[in-house]
Number of protein chains: 2
Amino acid sequence: MAKIKSNRTSTRKDIIVAKAAKLFREKGYSATSMRDLAEHVGVEAASLYNHISSKAEILQDICFRVATKFVLFIEEIDASNRSALDKIEAILRFHIRQMIENYEEVYVSDREWKHLTDPYLSNMQSQRRAYRQRMGSIIEEGMRRGEIKPIDASTAVLIMLHAVSGIESWHRSKRKIEGDKLEDNMVKILVGGLKQS
Amino acid sequence: MAKIKSNRTSTRKDIIVAKAAKLFREKGYSATSMRDLAEHVGVEAASLYNHISSKAEILQDICFRVATKFVLFIEEIDASNRSALDKIEAILRFHIRQMIENYEEVYVSDREWKHLTDPYLSNMQSQRRAYRQRMGSIIEEGMRRGEIKPIDASTAVLIMLHAVSGIESWHRSKRKIEGDKLEDNMVKILVGGLKQS
DNA sequence: ATTTTTCCCTAACAGACGTTAGTTTTATTT
DNA sequence: AAATAAAACTAACGTCTGTTAGGGAAAAAT
């Protein structure tokens, strides 16, 4: 029977993954050693292998857990009855929120996925491409309906997705505006930049 | 007398730095070994040390060369007699152009600087902060003059700088729009998002 | 109280890393 | 042609890496 540790909802593996996310974000996947990680968890490096199978597995967990969450959200939004612009805003807000509240894992998923190995790497590349294409389709629908100014959909997608990753600067700031205000300001600028005027 | 190699304008060190930029972008600084780099240059790893002093020196070169170029540009623009919005547009266009034409080095400077070591790391952090603050001041000036909608300047800066780094997706696309069109679309969305309407 | 299971430890492994030192080869200068 | 300088090579070094194996301690189950 798997023993529950530290907190009933959190296994040792969860702790390892959470600490790993923090270190992978701070230093990068390759620059973080298993000995570094073990030190933060509070065990010896060799002990980690009672709970995980490999360093690579940790990265896979983080990347696919985050990717899945985003895919599920966009599917839900895309199936809803909203204008294209409202859909885009909802997706944008979700990205911003995730980047504020689940920063470590979202950052790692977004910036360190290139260290995955096949077949996970190919899988992730496909997922990311499909996700961008899906966002692009929503934007194109908005252009057809006259809600969104005539622009290159791919460009709009890359702007929004990368602008959100800029929240890493917000996390590093000493004096930062409130999360809600950050979200509203970003939406104002980004959605405002899309709107037909 | 230092011997000129390969091309009168390009020393062996220049070749090493250019190949390094490519590999650091593709794989990350830590995941790129000196043996990897040497293979791409066409020598043994130990031979690199006839031209460079260390792996760290290569990263310093790339990061500070790019940073200096950006600082010089914003100083020139800031000293000019233009509206705040025009200044922002000029800076944005410069960033976009650099990201299109000098992709490898700009990407590495933007994404791998955290692997610098002190005092270079502290120096780089200070430079980046000062740069963002400078952009923020221009935006605030634009707000005072009624050119730019009332928003959080720091948020606007983080959006623009990170949106530009999204050009990495453009580089990876098979079917991509022309550089000029990409630039115009990005400016339309981002500057459009700032304009008082 | 005893047995079983889980988890941590130490020790070790094989391989890779960045870099140095000395030698050899190639290029340049005289 | 000979001497000198530059650049490449091989070999090696000390350290670090991810991971495995086996033993012991702690926790859980009986």
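Labels below follow one simple rule: chain letters A, B, ... track the order of the sequence lines, proteins then strands, and each chain is numbered from 1. The analysis underlying the following values was restricted to heavy atoms, covering all of them including side chains, and did not include hydrogens, waters or symmetry mates.
Of the residues in residues 19-35 of chain B, those with a non-hydrogen atom less than 4.0 angstrom from any atom of DNA chain C are B/T32, B/S33, B/M34, B/R35.
Note that the two end axes of the helix from C/dA1-D/dT30 to C/dT30-D/dA1 enclose an angle of 20°, each drawn from 5 base pairs, rounded to 10 degrees.
What separates CD1 of B/I16 from P of C/dT19 is a distance of 13 Å, to the nearest Å. C/dA12 atom C1' lies 14 Å from atom OH of A/Y49, rounded to whole Å. If you measure from atom CG of A/L59 to atom C1' of D/dG18, you get 15 Å, rounded to the nearest angstrom. In this structure, A/L48 places its CG atom 10 Å from P of D/dG18, rounding to the nearest Å. Rounding to whole angstrom units, CD of residue B/E39 and C1' of D/dA8 are separated by 17 Å. Per the geometry, CD belonging to B/E44 stands 14 Å off C1' belonging to C/dG18, to the nearest Å.
Formation of a donor-acceptor pair under 3.5 Å by the A/N102 side chain with backbone atoms of A/E105 is not found in this model. Distance alone, capped at 3.5 Å, places no donor-acceptor pair between the A/K27 side chain and the B/H115 backbone.
Under the rule for a salt bridge (Lys or Arg N to Asp or Glu O under 4.0 Å), B/K69 has no partner lying at least two apart in sequence or in another chain. Scanning for salt bridge (Lys or Arg N to Asp or Glu O under 4.0 Å) contacts around B/R134 gives B/E75, B/D78, with sequence neighbours left out. With sequence neighbours excluded, no residue forms a side chain to side chain contact (heavy atoms under 4.5 Å, CB included) with B/E39. Applying the side-chain hydrogen bond (donor to acceptor under 3.5 Å, both in side chains) criterion to A/D86, with sequence neighbours excluded, gives A/S83.
At a cut-off of 3.5 angstrom, the base of D/dA6 holds no donor-acceptor pair with the side chain of B/N50.
Not less than 6.0 angstrom separates the ring centroid of A/H95 from the ring centroid of A/Y103.
Mapped onto DNA chain D by nearest heavy atom, A/S53 and A/D36 fall at different nucleotides, with A/D36 at the one closer to the 5' end.
Phosphate contact (OP1/OP2 of D/dC9, side-chain N/O of B/S47, threshold under 4.0 Å): present. Between B/H51 and D/dA6 there is no side-chain N or O to OP1 or OP2 distance below 4.0 Å. For B/R12, a side-chain nitrogen or oxygen approaches OP1 or OP2 of D/dA8 to under 4.0 Å.
Here D/dT19 is the nucleotide among D/dT19, C/dT10, C/dC9 with the atom lying nearest to any side-chain atom of A/K55.
With A/E104 as the fixed residue, the side-chain hydrogen bond (donor to acceptor under 3.5 Å, both in side chains) test singles out one of A/K19, A/H171, A/R25: A/R25.
Between B/F24 and B/Y29, the ring planes lie perpendicular to each other; the angle is over 60°, past the 30° to 60° tilted range.
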